[in-house]
Amino acid sequence: MKNRIDACFEKLKAENKKALVTFITAGDPDMDTTEKCVLEMYKNGSDIIEIGVPFSDPIAEGATIQKASLRSLSGGTNLDKIFDLVRKLRTQTDKPMLLMMYINTIFRFGTAKFFELCKETQIDGVIVPDMPFEEREELEGEAEKNGIYTIFLVAPTSHERVKMIAEKSKGFLYVVSSLGVTGMRSEITTDFNELLAPIRNNDHCPCCIGFGISNPEQAKKMSQYADGVIMGSAVVKIVEEHGKDAPEYVGKFIKSVREGMDS
């Protein structure tokens, strides 16, 4: 069966639309709220959702997602509960779903067991921001055996590496918009025309720009340079502000972003 991520981008390309990829921290403030938020995001225009696995020391994350991780962990969230969440979601949606997490969580859980459960629960891909591209073999064998894509990241300083990483990528290439950690930014100054020039005319997997995109205007602007945009901290901030009432507000926000990108 074709990976859902590939099918999603093929459909969007045929419709001349860009992908909206969104992120939420699992278990913040609880699993029921996460489940409702995920479904609201899909309903209102998210094409792919990254479910964040909370970690005690999330080095790539800014304050918003760090705090969400701590709230989730204090509520007892673990990988077993997240796989249970995915099982429930899979009875309600067939859209692409990813896990975003740190490599130590996979090692502690057991790499083979982790990817077997990804396959069983129909996770389509995994993003591991602290896994260097050169050390991808640590996960790639088990991931490929179970049909799970490992999504690679490229930094805005990676001009000479973009083509190499893109050629090895499956699903999509996660293009980091700015140096530093995740979080909402008032301005993104990276020259994406220059950064992505090495792969512009090649037959490569799609590119999505993430880190710092926080409103419909930024999403529309960034989508002009790539095949999609990734939004995380803006969603997590809404959850922080509204708690168990967040699903309604998250849905409205995603709808505004989708409309902005499609206008």
Side-chain angles (χ1 to χ4, degrees), residues 20-46 48-86 88-89 97-106 108-109 114 123 125-131 151 153 174 176-178 180-186 208-215 218-219 229-254 256-257:
L20 176 55
V21 184
T22 54
F23 168 96
I24 191 164
T25 302
D28 175 35
D30 55 49
M31 287 298 189
D32 285 344
T33 305
T34 303
E35 179 186 353
K36 291 172 185 172
C37 283
V38 168
L39 295 172
E40 280 295 313
M41 287 195 285
Y42 281 136
K43 176 181 164 186
N44 286 284
S46 290
I48 300 170
I49 292 179
E50 304 170 6
I51 297 176
V53 178
F55 188 59
S56 57
D57 186 24
I59 56 171
E61 315 299 354
T64 299
I65 295 178
Q66 281 187 16
K67 288 189 286 184
S69 272
L70 290 175
R71 288 194 298 270
S72 176
L73 290 170
S74 68
T77 300
N78 58 35
L79 259 181
D80 286 318
K81 291 179 181 178
I82 292 171
F83 280 124
D84 286 341
L85 167 70
V86 175
K88 287 181 73 177
L89 286 166
M97 215 178 300
L98 315 177
L99 294 180
M100 186 165 186
M101 60 200 304
Y102 289 83
I103 198 163
N104 194 46
T105 305
I106 298 174
R108 288 184 64 185
F109 192 78
F114 170 75
I123 284 290
V126 176
I127 303 171
V128 187
D130 62 338
M131 180 181 71
I151 309 296
L153 290 81
Y174 191 130
V176 177
S177 71
S178 313
V181 295
T182 60
M184 295 183 284
R185 288 171 170 79
S186 58
C208 293
I209 299 173
F211 276 51
I213 301 170
S214 56
N215 57 55
Q218 283 182 332
V229 297
I230 303 165
M231 302 184 79
S233 294
V235 174
V236 175
K237 191 73 177 171
I238 295 170
V239 177
E240 180 182 0
E241 289 170 359
H242 295 283
K244 295 185 179 190
D245 296 324
E248 175 190 352
Y249 296 94
V250 167
K252 286 178 180 176
F253 174 70
I254 296 304
S256 70
V257 174

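Starting from 1, each residue takes its place in the sequence as its number.
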Rounded to the nearest 0.5 angstrom, the CG-SG distance for L20 and C208 is 9.5 Å

D245: partners by side-chain hydrogen bond (donor to acceptor under 3.5 Å, both in side chains), with sequence neighbours left out: none

For the CE atom of M101 and the CG atom of D130, what is their distance to the nearest 0.5 Å? 10.0 Å

Could you list the residues that satisfy salt bridge (charged side-chain N to carboxylate O under 4.0 Å, His left out) with E240, not counting sequence neighbours? K67, K237

Quick check on side chain to side chain contact (heavy atoms under 4.5 Å, CB included): which of T25, L99, I230 does E50 satisfy it with? I230

Quick one: does V236's side chain get under 4.5 Å of F23's, heavy atoms only? yes

Side chain to side chain contact (heavy atoms under 4.5 Å, CB included) with T22: of V257, I49, V250, V38, only one passes, and it is I49

Can you list every salt bridge (Lys or Arg N to Asp or Glu O under 4.0 Å) pair that touches residues 68-78, not counting sequence neighbours? D28-R71

Nearest non-hydrogen partners of A234 and S214, listed with the distance: CB-O, 3.8 Å

Using side chain to side chain contact (heavy atoms under 4.5 Å, CB included) as the criterion, list what pairs up with S256, not counting sequence neighbours. P216, F253

For the residue pair F55 and Y102, does the interplanar ring angle fall in the parallel (under 30°), tilted (30 to 60°) or perpendicular (over 60°) class? parallel

So which heavy atom on T64 is nearest to which on S233, and how close? CG2-O, 3.7 Å

Considering residues at least two apart in sequence or located in another chain, which fulfil the side chain to side chain contact (heavy atoms under 4.5 Å, CB included) criterion with N78? D80, K81

With sequence neighbours left out, the residues meeting side chain to side chain contact (heavy atoms under 4.5 Å, CB included) with L73 are P54, S56

Say you draw a straight line from CD of E35 to CG of D84; how long is it, rounded to the nearest 0.5 Å? 11.0 Å

What closest approach, in Å, do I123 and G125 show between heavy atoms, and which atom pair accounts for it? CG2-O, 3.4 Å

Mind telling me whether H242 and Y249 have parallel, tilted or perpendicular rings, with 30° and 60° as the class edges? parallel

Can you list everything that forms a side-chain hydrogen bond (donor to acceptor under 3.5 Å, both in side chains) with S72? Sequence neighbours excluded, please. T77

Partners of K43 by side chain to side chain contact (heavy atoms under 4.5 Å, CB included), sequence neighbours excluded? E40

side-chain hydrogen bond (donor to acceptor under 3.5 Å, both in side chains) against K252, all qualifying residues, sequence neighbours excluded: E248

Applying the side chain to side chain contact (heavy atoms under 4.5 Å, CB included) test to T34, which of V239, I24, I82 qualifies? I24

Just jot down the side-chain hydrogen bond (donor to acceptor under 3.5 Å, both in side chains) partners of T105, sequence neighbours excluded, or say none. none

I254 side, atom CD1; M231 side, atom CE - distance, nearest 0.5 Å: 6.5 Å

